[in-house]
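This one's a predicted model, so the numbers in the text were calculated from it and none came from an experiment. Counting starts at 1 for both ligands and their atoms, in listed order. Counting from 1, the numbers follow the sequence of the chain as shown.
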Amino acid sequence: MKSIILAFSALTLAVLPSSKATATDAGAAWWKSGVVYQIYPRSFQDTNGDGVGDLKGITQRLDYLRDLGVDAVWISPFYPSPMKDFGYDVTNFTDVDPRFGTLADFDTLVAEMHKRGLRLVMDFVPNHSSDEHPWFVESRSSKDNPKRDWYMWRDGRSANQPPNNWLSVFSGSAWTYDPTTSQYYYHAFLKEQPDLNWHNAELRAAMLSAMRFWLERGVDGFRIDGISHTMEDAALLDEPADPSYKDTKPEFDKLLHVYTTEQRSNHSIVREMRKLCDQYPGERALITEAYITFEQQAAYYGTPEAPEAQLPFNFHLISADWTAASVAKVVAEYEASLPTHGWPNWVLSNHDKHRLGTRLPQGQARIAAMVLLTLRGTPTLYYADELGMKDVFVPPERAQDPVELKTPGKGFGRDPERAPMMWDATTNAGFTTGTPWLPLEPDYVTLNAEAQDSDPQSMLSLYKSLVKLRRATPALNVGSYKQVAANEDVLAFIREAAGQKFFVALNFTDKISKVALGDLVGRVVFTSVLDQVEQSVAGALELRPNEGVVVRLD
Ligand code: GLC
């Protein structure tokens, strides 16, 4: 094969039609053309030595994010919280927990992000508050308290019997008895996370006004936590057993959640939130979190007349088998499920799932980066995946996550994927001068961001180059998608826009694989190995083990 080997830096010259040809120029909204980066704030950067990350730490690291090339940053909750579920148990929806900083730190963070062209997406938790939220403290105080109906209180079925068989996602009954008023309250998650009652108009208004508070402060969007759980069926019937349940799965999976998840009325909440966001300039966006079918996901776009979320999170690749054929199937089914006004998105990991580097066969993390950044749809990248970070081993005595504490040793715990960011080779990877809240693996000494930045073939260099390529290539960020071929070895597809066509081929194996090109002819403009480019290809394309390439077609 005739090959002209160029230094990798030549790639940019070869691909970028013009450094100004960004997707924004192409007219697409930021949530469509951009790359979203998730920060788990406890683990990003600590600036006060308490071993827990903070907002000032994020501000301090913004240049890293700008250099990585991402467009938006979603930050997991930093509201005041007793931290029973690490910030997903909120005691005040319009403030910052002192462990993370102050509202003034938040304002600085927004301003500094906007200065760099970065958008800020807040986490918003509509389903529940903390049991220490003043609303719940009032609500539980008496049956006739004005806030009683802001939560879900019911009588037991009989003495010492909860109202029905509903289960908490985190195990055990979803009902907790409160002796003060001799009633039970409902909680889809921990008993310290009582569910808010969205049927109550005052509660609804209070929650929307909390969103308004952040919109006024300049946030560019919200990631809506646990949307599936927001409404429950009023009849309170028992949920049926799932006949396919196996006891290797969490107890929650014993039941089919027909009355507690995915109720039609959830959509009225998202519609209202969207109406609110649309009152503000600058495309404030909603991203909904739900582990649901493609059909259910599609419904969260709403309709063109009554829109809901811009990006209903798509988690299907997290649970897919990692073969070219099964990934191709997921992509095809997802594409087919989208309403015509719906823009796709892809997520490969987050703070609730084991890290990519741990889930995938060795060598495939680079292919995962290419899948995420070359498919049609907005990618969400989980912090430190760009370093190829793996799950960290957390000894039982250091366990933090409530899921691990409630169901120890089963592998359901989420601490391993929440460990501190690896910045450099200094003590605690430059994350903290104190004792990190979760341990680090000793390999941070070589795998840290600083070391990877100076290695042109590192995982970080791969992510940076891919983000850059995507940003500069309308076909890759907003272009159409056509699957070309897929077998157990190679996923191949064409992305096309603005008169340019790109052929992407990803080798899902650790063996050499060949793809027939038919009459396609072009030049390799990118390889995940980050070495040779500008090779002409015709007839067939040979991929090295675990290699992905992008070919610009003539
Ligand atoms: C979401 C969050 C998860 C949290 C749960 C309860 O699924 O991602 O971390 O525990 O909601 O708020």
Side-chain angles (χ1 to χ4, degrees), residues 36 38-44 53 74-93 97 121-133 136 151 166-172 174 176 186-196 198 207 210 222-232 250-253 257 260-262 266 269-270 286-292 296-297 300 309 311-315 318-319 347-355 380 382-383 391 399-407 412-419 437-438:
V36 181
Q38 180 191 355
I39 288 181
Y40 196 67
R42 292 183 73 82
S43 293
F44 203 59
W74 149 39
I75 309 177
S76 288
F78 45 80
Y79 305 98
S81 165
M83 302 290 164
K84 289 286 189 307
D85 190 18
F86 294 106
Y88 285 97
D89 47 327
V90 179
T91 53
N92 184 345
F93 289 99
D97 190 282
V121 176
M122 295 267 302
D123 213 305
F124 193 72
V125 189
N127 183 65
H128 45 267
S129 72
S130 159
D131 63 343
E132 293 180 29
H133 195 297
F136 188 71
Y151 294 85
W166 295 355
L167 293 171
S168 148
V169 176
F170 293 159
S171 86
T176 289
Y186 175 70
H187 49 90
F189 296 90
L190 295 176
K191 70 173 182 356
E192 293 86 357
Q193 292 170 299
D195 267 46
L196 293 161
W198 278 81
M207 291 301 275
F222 299 95
R223 174 264 191 193
I224 306 296
D225 184 69
I227 191 65
S228 286
H229 300 273
T230 40
M231 293 290 204
E232 292 75 31
E251 185 194 13
F252 182 68
D253 294 357
H257 302 290
T260 54
T261 65
E262 282 309 300
N266 291 350
I269 300 175
V270 190
L286 290 177
I287 309 175
T288 42
E289 186 230 14
Y291 292 82
I292 47 181
Q296 290 168 327
Q297 232 166 260
Y300 279 107
L311 302 173
F313 259 151
N314 167 24
F315 297 126
I318 296 181
S319 46
V347 183
L348 284 181
S349 61
N350 60 36
H351 64 294
D352 295 325
K353 301 288 165 190
H354 292 305
R355 287 235 176 226
T380 297
Y382 185 47
Y383 85 97
D391 278 358
Q400 306 277 343
D401 179 30
V403 176
E404 184 62 28
L405 298 176
K406 280 173 76 77
T407 50
F412 305 149
R414 301 166 297 177
D415 290 327
E417 59 264 27
R418 296 175 175 181
W437 77 291
L438 283 173

Strictly by modelled atom types, are [X] and [Y] linked by a side-chain donor-acceptor pair under 3.5 Å?
X      : Y      : answer
Ser129 : Tyr151 : yes
Gln193 : Asp85  : yes
Tyr300 : Glu262 : yes
Asp89  : Ser81  : yes
Thr91  : Glu132 : no
His351 : Glu417 : no
Asn127 : Thr230 : no

What is the closest protein heavy atom to [atom], and at what distance does it sit?
atom                    : result
atom 7 (O) of ligand 1  : Glu289 OE2, 2.9 Å
atom 9 (O) of ligand 1  : Asp352 OD1, 2.7 Å
atom 1 (C) of ligand 1  : Asp225 OD1, 2.7 Å
atom 10 (O) of ligand 1 : Asp85 OD2, 2.6 Å

Pull out every atom of ligand 1 sitting under 4.0 Å from any heavy atom of [X], numbered as shown with elements.
X      : answer
His128 : 6 (C), 12 (O)
His351 : 2 (C), 3 (C), 8 (O), 9 (O)
Arg414 : 3 (C), 4 (C), 9 (O), 10 (O)
Arg418 : 9 (O)
Phe170 : 10 (O)

Original post:
Measuring from the heavy atoms of Lys84, does anything fall under 4.0 Å of ligand 1?
Top reply: no
**OP:** Consider ligand 1: state whether an atom of it lies below 4.0 angstrom from any non-hydrogen atom of Lys353.
**Re:** no
Subject >> Interatomic spacing from CZ in Phe78 to CD1 in Ile39 - rounded to 0.5 Å >> reply: 10.5 Å
Original post:
With a 4.0 Å heavy-atom cut-off (strictly under), which part of Tyr291 contacts ligand 1: side chain, backbone, both or neither?
Top reply: neither
